[in-house]
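Report on one structure; see the data block that follows.
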Amino acid sequence: MADPVLIEEDAAVATVTLNRPDRLNAMDEALITDLATYFRGLHDRHDIRVVILKAAGRAFCAGLDLEAWRPPEDTGAVQHSWRTQRSIATVMQLMRSCPQPIIALAQGAACGGGLSLLLSSDIRFCTPDFRMNAAYIKIGLGGCDMGSSYFLPRLVGSSLASEMILTGRFVNAERALSSGFVSAVVEADGLGAAAQEIIDEMLLTAPMGLRLSKDALNRNIDAPGFEAALALEDRQQVLLSQTQDSTEAQRAFLEKRRPEYRDR
């Protein structure tokens with residue numbers, strides 16, 4: 001049986017590929033376990049600076065594989081549902097808290113949990129055939145699940161978020177772009193190049209500066225006010241200004257060359 005998640009690491013860049021194309025990359029327990037294990041491990045991996053998240057086949061992720069999460073006979077229905085819910089939600093938490101920016105490349109459908117994987121990423125690109133929906137409400141559940149009620153309004157605004165969450169209707173690539181959900185719509189054979197352009201620019205930044213920038217974005221989305229956001233930024237800048245990499249970046253800028261960072 002093929003691995004449900006493929007991991008490739010090339011120097012400072014990791015590529016995480018959902019690999020259940022025959023099931024439209026729907027989430028079974030093995031796929032969720034593999035994602036949680038890898039993203040948890042990234043918290044202590046400063047050698048990996050950027051992550052690409054993509055999927056094999058014609059769809060990004062069709063959401064939960066309902067056939068793959070049957071409760072054992074000796075487990076209560078509520079207990080089983082809670083375990084399933086928390087294990088998937090943990091993946092989203094680990095993606096947000098890992099220090100590496102995550103660039104998601106999506107084709108075809110991203111439904112339910114697939115939408116949440118995209119919401120938990122930092123930068124998103126999609127193909128012209130992309131479509132997404134908050135499918136949870138379509139299977140008799142609430143439309144708010146796996147972070148959708150938190151991230152979706154912040155990304156696309158309350159009106160579109162409410163439309164998606166309250167109906168489960170699909171939103172296509174054009175609307176995903178106009179709402180700011182994705183950075184660009186790119187033909188399938190150009191997704192890798194679009195990601196690489198962003199990665200090349202990220203790798204020109206100081207390692208700790210990149211990590212703390214993602215951290216500040218995460219924290220300041222819930223800052224109690226402008227002054228609190230400024231206070232966090234001020235502390236980060238003072239801290240980073242004392243690093244050897246900051247000195248190297250300034251020298252490289254003046255000497256018009258690529259900086260040589262040591263994460264010091």
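Values reported hereafter were calculated over all heavy atoms of this structure, with side chains retained and with hydrogens, waters and symmetry mates removed.
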Note to self: I'd like to check M27 versus C61 (side-chain heavy atoms, cut-off strictly below 4.5 Å). Are they in contact?
What the structure shows: yes
Next item on the list: Show your working on side chain to side chain contact (heavy atoms under 4.5 Å, CB included) between M146 and L115 and close with a plain yes or no.
Entry: CA-CA 9 Å; M146 301 179 201; L115 170 65; over 6 Å; no
Next item on the list: Can you sort out the partners of R175 under salt bridge (charged side-chain N to carboxylate O under 4.0 Å, His left out), two or more places apart, ordered by chain and number?
Entry: E163
Next item on the list: Could you state whether L118 and L64 fall into the same hydrophobic cluster, counting links through intermediate Ile, Leu, Val, Met, Phe, Trp or Tyr residues with side-chain heavy atoms under 4.5 angstrom apart?
Entry: yes
Margin query: Using the salt bridge (charged side-chain N to carboxylate O under 4.0 Å, His left out) criterion, which residues pair with D234? Sequence neighbours excluded.
Written below: none
Notebook entry, point to check: Looking just at side-chain N and O atoms, do T205 and R49 make a donor-acceptor pair shorter than 3.5 Å?
Noted result: yes
Note to self: Going by salt bridge (Lys or Arg N to Asp or Glu O under 4.0 Å), name the pairs with one or both residues in residues 220-233, residues two or more places apart or in two chains.
What the structure shows: R154-D222
Check: Listed by chain and number, what are the salt bridge (charged side-chain N to carboxylate O under 4.0 Å, His left out) partners of R124, not counting sequence neighbours?
Finding: none
Next item on the list: Mind checking side-chain hydrogen bond (donor to acceptor under 3.5 Å, both in side chains) for S162 and listing every partner two or more places apart, or none if nothing turns up?
Entry: none
Check: Using 4.0 Å as the upper bound for N to carboxylate O, is an ion pair formed by R23 and D28?
Finding: no
Check: Does I123 reach the side chain of P101, with side-chain heavy atoms less than 4.5 Å apart?
Finding: no
Notebook entry, point to check: Passes side chain to side chain contact (heavy atoms under 4.5 Å, CB included), D245 versus M208? Steps please.
Noted result: CA-CA 9 Å; D245 281 345; M208 191 173 184; 5.8 Å; no
Check: Who are the side-chain contact (heavy atoms from CB on, under 4.5 Å) partners of Q107, not counting sequence neighbours?
Finding: A55, T127, D129
Note to self: Under the salt bridge (Lys or Arg N to Asp or Glu O under 4.0 Å) definition, can you give me all pairs with a residue in residues 192-208, not counting sequence neighbours?
What the structure shows: none
Margin query: Taking CD in E174 as the centre, count heavy atoms belonging to other residues, nucleotides or ligands within less than 6.0 Å. Is the count above 12?
Written below: no
Next item on the list: Examine distances only and state if a side-chain atom of S120 and a backbone atom of M95 form a donor-acceptor pair shorter than 3.5 Å.
Entry: no
Note to self: Show, in sequence, the C-alpha distance, side-chain angles and deciding distance for M132 and V182, and conclude whether the side chain to side chain contact (heavy atoms under 4.5 Å, CB included) test is met.
What the structure shows: CA-CA 11 Å; M132 61 178 179; V182 297; over 6 Å; no
Next item on the list: Determine yes or no for a side-chain-to-main-chain donor-acceptor pair under 3.5 angstrom, with N133 supplying the side chain and G168 the backbone.
Entry: yes
Margin query: I'd like to know if R251 pairs up with E260 as an ion pair, taking the criterion as any Lys NZ or Arg NE/NH1/NH2 lying under 4.0 Å from an Asp or Glu carboxylate oxygen.
Written below: no
Item checked: Test side-chain contact (heavy atoms from CB on, under 4.5 Å) applied to F130 and F125, F60, F170, F181, the passing residue -> F181
Check: Side chain of Q100, backbone of R45: donor and acceptor closer than 3.5 Å?
Finding: yes
Item checked: Side chain Y261, main chain L204, donor-acceptor under 3.5 Å -> yes
Margin query: Quick check for you: to the nearest 0.5 Å, what is the distance between T90 atom OG1 and Q85 atom CD?
Written below: 10.0 Å
Notebook entry, point to check: Distance-only, no hydrogens or angles: does the N19 side chain make a donor-acceptor pair with backbone N or O of L6 under 3.5 Å?
Noted result: no
Notebook entry, point to check: Other hydrophobic cluster members with F226, side-chain heavy atoms of Ile/Leu/Val/Met/Phe/Trp/Tyr under 4.5 Å, chained?
Noted result: L230
Check: Counting only N and O atoms by type, is there a donor-acceptor contact under 3.5 Å from the side chain of S241 to the main-chain atoms of V238?
Finding: yes
Notebook entry, point to check: Does a donor on one side chain and an acceptor on the other come within less than 3.5 Å for S246 and Q250?
Noted result: yes
Check: Where is the tightest heavy-atom contact between S121 and A104, given as atom of each residue plus distance?
Finding: OG-CB, 3.5 Å
Please list every donor-acceptor pair under 3.5 Å in which a side-chain atom of residues 186-194 meets a protein atom from a residue at least two apart or in another chain.
none

Check: With sequence neighbours left out, which residue pairs that include part of residues 86-115 fulfil the salt bridge (Lys or Arg N to Asp or Glu O under 4.0 Å) condition?
Finding: R96-D122
Next item on the list: Given side chain to side chain contact (heavy atoms under 4.5 Å, CB included), test V91 with L117 step by step and report yes or no.
Entry: CA-CA 8 Å; V91 171; L117 287 174; 4.2 Å; yes
Next item on the list: State which residues pass salt bridge (charged side-chain N to carboxylate O under 4.0 Å, His left out) with D215; sequence neighbours excluded, sorted by chain then number.
Entry: R219
Check: Okay, side chain of Y136, backbone of G142: is any donor-acceptor separation there less than 3.5 Å?
Finding: no
Margin query: Ignoring hydrogens, what is the shortest heavy-atom contact between D34 and P4? Give both atom names and the distance.
Written below: OD2-CG, 3.3 Å
Check: Any side-chain heavy atom of E248 sitting closer than 4.5 Å to one from R264?
Finding: no
Check: Looking only at atom types and distance, does a side-chain atom of S81 sit under 3.5 Å from a main-chain N or O of V78, one as donor and one as acceptor?
Finding: no
Item checked: Side-chain ion pair, E8 and K54, N-O less than 4.0 Å -> no
Item checked: Qualifying residues under side-chain hydrogen bond (donor to acceptor under 3.5 Å, both in side chains), relative to N220, sequence neighbours excluded -> none
Note to self: Has N25 got a side-chain atom pairing as donor or acceptor with A56's backbone, closer than 3.5 angstrom?
What the structure shows: yes
